[in-house]
Amino acid sequence: MALNYCFFDDIHSYTRYMLKDMYEQKENIDVVFLGASHVYVGIDPFEADKLLDCNTFNASSSSQQYLGSYYMLKEISDANDVGTVFLDTTYIMAGFEEEVDRQTYILSDYMRNGSKNKWDYLIEAKGSNGILNTLFPMIHNSQFPHRVLPGRLSTAYKNYDHSCVRYEEEWYKGKGFVVKDYAVDEGHVFVNEWPMDTDEWMHQHTLSNLCKVIELCRERGIELVLIDCPMPDATLKDAGYYQEYIDYMKQLAYGEKLAYLNFNLSKEEVLKMSRQDYYDNGHMNIHGAQKFTQALCKVYTGKEKHPFYETYKEKLIHNNDGT
């Protein structure tokens with residue numbers, strides 16, 4: 001315990017705050033948003049609360065894989081009567097052949113020790129190594145004590161004050177949502193940092209975990225909606241074969257009788273993005289997040305009829321974001 005206290009560096013962890021907020025929700029969590037960083041910076045639950053007239057929560061985390069989403073949903077739905085889950089299915093998360101250490105421990109470090117879901121998740125994802133890393137989290141996230149202790153001993157850290165994770169143009173708003181209040185430079189050239197695996201649109205390991213989420217929702221009577229968060233057109237075009245991935249996901253969703261809402265196919269009247277709505281090659285800033293949250297809620301509630309183009313080529317022609 002002493003070693004962990006001195007060496008384990010979680011001073012600036014957004015997920016630490018997200019899990020605390022999740023466990024302390026006073027109202028029933030009606031709607032859950034799950035996925036990776038595209039979600040936790042891209043969907044504002046406070047805005048969604050107003051548009052959907054219910055209590056929503058953003059339970060995403062950095063590079064969250066589907067197994068992590070599965071156990072997060074179990075943890076939330078064990079304590080809440082969840083009605084709907086929106087799960088981001090961006091192609092970037094489709095190619096994982098195994099559970100990655102960092103993605104696993106980002107979540108498990110802050111799940112309650114008394115939670116069976118936490119230990120089931122660790123054992124399934126990492127086996128005995130997961131237990132060891134939970135007992136000694138400094139193994140996967142360490143820093144020298146002179147950098148760790150001032151933060152850990154601060155009143156702000158102990159009281160979960162948001163100042164611990166606040167930067168000049170970036171802060172934790174609450175309910176799992178992180179605000180990025182800056183945009184790419186005018187001269188920024190968008191490039192794709194996430195190559196697409198054209199041999200297998202979704203790796204079997206990833207697909208099996210997605211199927212676990214689907215089955216869990218069926219067992220618990222939860223509506224599951226698959227979504228793709230907006231990304232810059234230049235990034236997606238550079239990925240190549242994006243239309244093939246869209247076709248794969250449409251077929252998967254159709255076979256599972258699920259809704260698939262890909263906002264990279266949005267018509268202009270539904271969602272008009274620009275380069276100023278992104279802070280890097282793939283993630284929305286607060287301005288993009290507000291646009292997307294409103295569009296997502298309107299499409300889901302049926303206020304937007306025929307919101308998407310059939311192909312990504314059509315979208316590029318009629319609703320290019322200028323990147």
Side-chain angles (χ1 to χ4, degrees), residues 9-18 21 33-51 56-64 86 88 90-93 102-103 106 141 143 147 151 154 156-157 160-194 227-239 263-264 266 268 270-297 319-323:
D9 183 12
D10 68 343
I11 310 302
H12 304 291
S13 171
Y14 290 127
T15 315
R16 175 174 176 260
Y17 285 74
M18 182 269 283
D21 281 355
F33 305 108
L34 289 171
S37 53
H38 294 86
V39 180
Y40 81 66
V41 299
I43 300 178
D44 183 348
F46 297 96
E47 182 72 15
D49 284 355
K50 294 182 288 185
L51 295 170
T56 70
F57 194 87
N58 192 328
S60 53
S61 58
S62 182
S63 299
Q64 186 178 111
F86 293 91
D88 185 42
T90 175
Y91 81 90
I92 297 170
M93 305 309 298
R102 180 174 175 272
Q103 281 88 310
I106 279 175
N141 193 7
Q143 187 55 266
R147 295 183 180 274
S154 69
Y157 176 84
Y160 285 82
D161 189 304
H162 289 184
S163 62
C164 278
V165 288
R166 185 180 180 97
Y167 304 91
E168 186 175 348
E169 297 177 297
E170 176 181 326
W171 62 90
Y172 178 77
K173 184 175 180 179
K175 295 177 71 170
F177 180 54
V178 176
V179 172
K180 305 273 190 174
D181 195 15
Y182 54 96
V184 294
D185 297 332
E186 283 299 323
H188 181 84
V189 177
F190 289 85
V191 296
N192 192 288
E193 305 170 51
W194 311 277
I227 64 172
D228 266 30
C229 296
M231 290 179 64
D233 283 330
T235 300
L236 291 175
K237 192 164 181 268
D238 192 36
F263 286 85
N264 292 297
S266 295
E268 184 172 356
V270 175
L271 180 63
K272 179 61 179 176
M273 301 291 283
S274 73
R275 62 184 293 118
Q276 293 304 309
D277 294 319
Y278 299 98
Y279 72 85
D280 67 6
N281 293 321
H283 299 84
M284 289 172 278
N285 56 30
I286 180 60
H287 309 291
Q290 292 298 316
K291 287 183 180 181
F292 173 48
T293 303
Q294 292 170 12
L296 172 62
C297 294
N319 190 21
N320 194 295
D321 63 14
T323 57

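The first residue in the sequence is number 1, and the count goes up from there. What you see is a predicted model, and the numbers here were worked out from it, not measured in a lab.
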Is it true that the side chains of [X] and [Y] contain a donor and an acceptor less than 3.5 Å apart?
X	Y	result
Asp88	Thr90	no
Asp280	Tyr182	no
Tyr157	Asp10	yes

I'd like to check [X] versus [Y] (side-chain heavy atoms, cut-off strictly below 4.5 Å). Are they in contact?
X	Y	value
Tyr278	Pro230	yes
Phe86	Ile43	no
Asn281	Glu193	yes
Arg275	Pro232	no
Asp21	Phe57	yes
His287	Gln276	no
Thr323	His188	no
Gln294	Glu47	yes

If you take the centroid of each ring, where Trp contributes its six-membered ring, are His162 and Tyr17 closer together than 6.0 Å?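 Ring centres of His162 and Tyr17 closer than 6.0 Å.
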Centroid separation under 6.0 Å, is that true for the rings of Phe263 and Phe292?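 Aromatic pair counts; centres sit under 6.0 Å.
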Can you tell me how far [atom2] of [Y] sits from [atom1] of [X], rounded to the nearest 0.5 angstrom?
X	Y	atom1	atom2	value
Tyr91	Asn264	OH	CG	10.0 Å
Glu169	Ile286	CD	CD1	13.0 Å
His283	Ser37	NE2	OG	2.5 Å
Ser13	Ile106	OG	CD1	7.5 Å
Gln290	Met284	CD	CE	11.0 Å
Phe177	Tyr14	CZ	OH	11.0 Å

Test log, rule side-chain hydrogen bond (donor to acceptor under 3.5 Å, both in side chains), inputs Asn319 and Glu268: CA-CA 6 Å; Asn319 190 21; Glu268 184 172 356; over 6 Å; no
List the atom of [X], the atom of [Y], and the distance in Å for their closest heavy-atom pair.
X	Y	result
Ser60	Gly35	CB-O, 2.9 Å
Met273	Lys291	SD-CD, 4.2 Å
Asn141	Asp9	ND2-O, 2.6 Å
Pro45	Gly174	CG-O, 4.2 Å
Met18	Tyr172	CA-OH, 3.4 Å
Thr293	Ala48	CG2-N, 3.9 Å

Output, in order, the C-alpha distance, side-chain angles, deciding distance and verdict of side chain to side chain contact (heavy atoms under 4.5 Å, CB included) for Asp233 and Phe190. CA-CA 9 Å; Asp233 283 330; Phe190 289 85; over 6 Å; no
So, is the end of the Arg16 side chain (NZ or CZ) under 6.0 Å from the ring centre of Tyr160 and within 45° of the ring's axis? yes
Passes salt bridge (charged side-chain N to carboxylate O under 4.0 Å, His left out), Asp44 versus Lys173? Steps please. CA-CA 9 Å; Asp44 183 348; Lys173 184 175 180 179; 3.0 Å; yes
Evaluation steps, side-chain hydrogen bond (donor to acceptor under 3.5 Å, both in side chains), between Thr56 and Asp49: CA-CA 6 Å; Thr56 70; Asp49 284 355; 2.7 Å; yes
Mind running side chain to side chain contact (heavy atoms under 4.5 Å, CB included) on Leu296 and Phe33 for me, showing each step along the way? CA-CA 11 Å; Leu296 172 62; Phe33 305 108; 4.0 Å; yes
From CA spacing to verdict: side chain to side chain contact (heavy atoms under 4.5 Å, CB included), Val39, Cys229: CA-CA 7 Å; Val39 180; Cys229 296; 4.0 Å; yes
Let me see the working for Gln64 and Leu34 under side chain to side chain contact (heavy atoms under 4.5 Å, CB included), right down to the final yes or no. CA-CA 8 Å; Gln64 186 178 111; Leu34 289 171; 3.8 Å; yes
